[in-house]
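Whatever order the structure lists ligands and atoms in, that order sets their numbers, starting from 1. Quick caveat, the model's predicted, so the values are computed rather than measured.
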Amino acid sequence: MRNVAVILAAGKGTRMGSRISKQYIDVLGKPVIYYTLNAFENSTVDEIILVISEQDRNYVEETILNHYGFHKIKRIVCGGKERYHSVYNALKQAGEADNVLIHDGARPLILPGQIDMLVKQMEIYKACVAGMPVKDTIKIVDQDQYVTDTPERSRIWQVQTPQVFRYSEIKEAYDKMMLEEHPAVTDDAMVLEKYGNPDFKHEIRLVEVSYENIKVTTKEDLIFMKGILLNRGR
Ligand code: CTP
Ligand code: MG
C-alpha cells in the first residue's frame, strides 16, 4: 500500500492577521510548517506532496527544505484560490497512491504515532477522519442569531485532519465536484459525502486523535501551540 500525504500550506491566514502566512510564523525557533512536516517525515507515510503558493517557493525551498532536509517531500505543488483547489492540484499529481492523507499544514501538533494509527485503520475502513467529540454544547441559530435547535452533544464531533481516503474514491469525487462553479464544501470528507459514490457516505469513520491537534487559526492558537510544545519538551 502506497500512502501519500498531501500537506496544505497555500493559505493566506487572513484570520491570523499577521504579515506573513501563519504556516511560516516562528514558534520556539522554527516555522509552524516545520513541525507539521517533521511529524509526517517521522511517520510511516511513503511520500509527502507539499502544496504552497508560488510566491513562497523560494523561501520554502531555501529556508525549510534545504535547511531541514525532509526526504519524503517528493513534490511541491502550487495551491489555488480556495482550499479545495489546493487539494485538487495535489490529487492530480498523486496517481500512484493507494491511500491519500490530506492534512492542514496549519495543524502542527499532529504526532507520527497518530498518523500511523490512521494509516493502520485504513486496513479496516475505506475512509478515516481525525476528530474529537465536542466539549461544548452546540446550538443551531437562525440568521438573526436566535436559537432554533440544540442537537444531542454526544453525537457531535469536531473534525480535524488528517483525513485519509482511498485515492481512487476521493479523486473521483473531486473530479465530479470540480465541474461545479462554486462548490460549498468545508472539508474533504464532505466532498465524498456530496459527490462520492452514494453508497460510500456511511463509511467515513471518525477516529479520535487528540484535543491537542488544533488548527492554528487565530493569535491565541499560537500560545496554545507553544504551551503544548513546551509541555512535550519540544
Ligand atoms: N490552504 C491552502 N490553500 C488555500 C486555502 C487554505 O492550501 N487556498 C491551507 C492553509 O494553508 C491551511 C489549511 O489549508 O494549512 C487550512 O486552511 P485555513 O486554516 O482556513 O488557512 P487559511 O485559509 O490560510 O486561513 P484563513 O481562512 O484565516 O485565511
Ligand atoms: Mg481558509
Can you list every protein residue that has a heavy atom under 4.0 Å from any atom of ligand 1, sorted by chain and residue number?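 Only Leu8, Ala9, Ala10, Gly11, Lys12, Gly13, Thr14, Arg15, Lys22, Gln23, Gly80, Lys81, Glu82, Arg83, Ser86, Asp104, Gly105, Ala106, Lys215 have heavy atoms that fall under 4.0 Å of ligand 1, ordered by chain and number.
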Mind checking whether Ile204 and Leu192 have side chains closer than 4.5 Å, heavy atoms only?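 The answer is yes; the side chains approach within 4.5 Å.
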So Ile110 and Tyr35, do their side chains get closer than 4.5 Å, heavy atoms only?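 Heavy-atom side-chain distance check fails, nothing below 4.5 Å.
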Are any of the side-chain nitrogens in Arg57 or Glu61 under 4.0 Å away from the carboxylate oxygens of its partner?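 A salt bridge is present here (some side-chain N lies under 4.0 Å from a carboxylate O).
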Looking at the rings of Tyr174 and Tyr195, which for Trp means the six-membered one, are their centres under 6.0 Å apart?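 Judged by ring-centre distance (under 6.0 Å), Tyr174 and Tyr195 do not meet the cut-off.
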Other residues, nucleotides, ligands: >12 heavy atoms within 6.0 Å of Lys120 NZ: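 Incorrect, the count does not exceed 12.
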Within 45° cone of Phe40 ring axis and under 6.0 Å: Lys72 NZ or CZ: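 Negative - Lys72 is either too far from the ring of Phe40 or too far off its axis.
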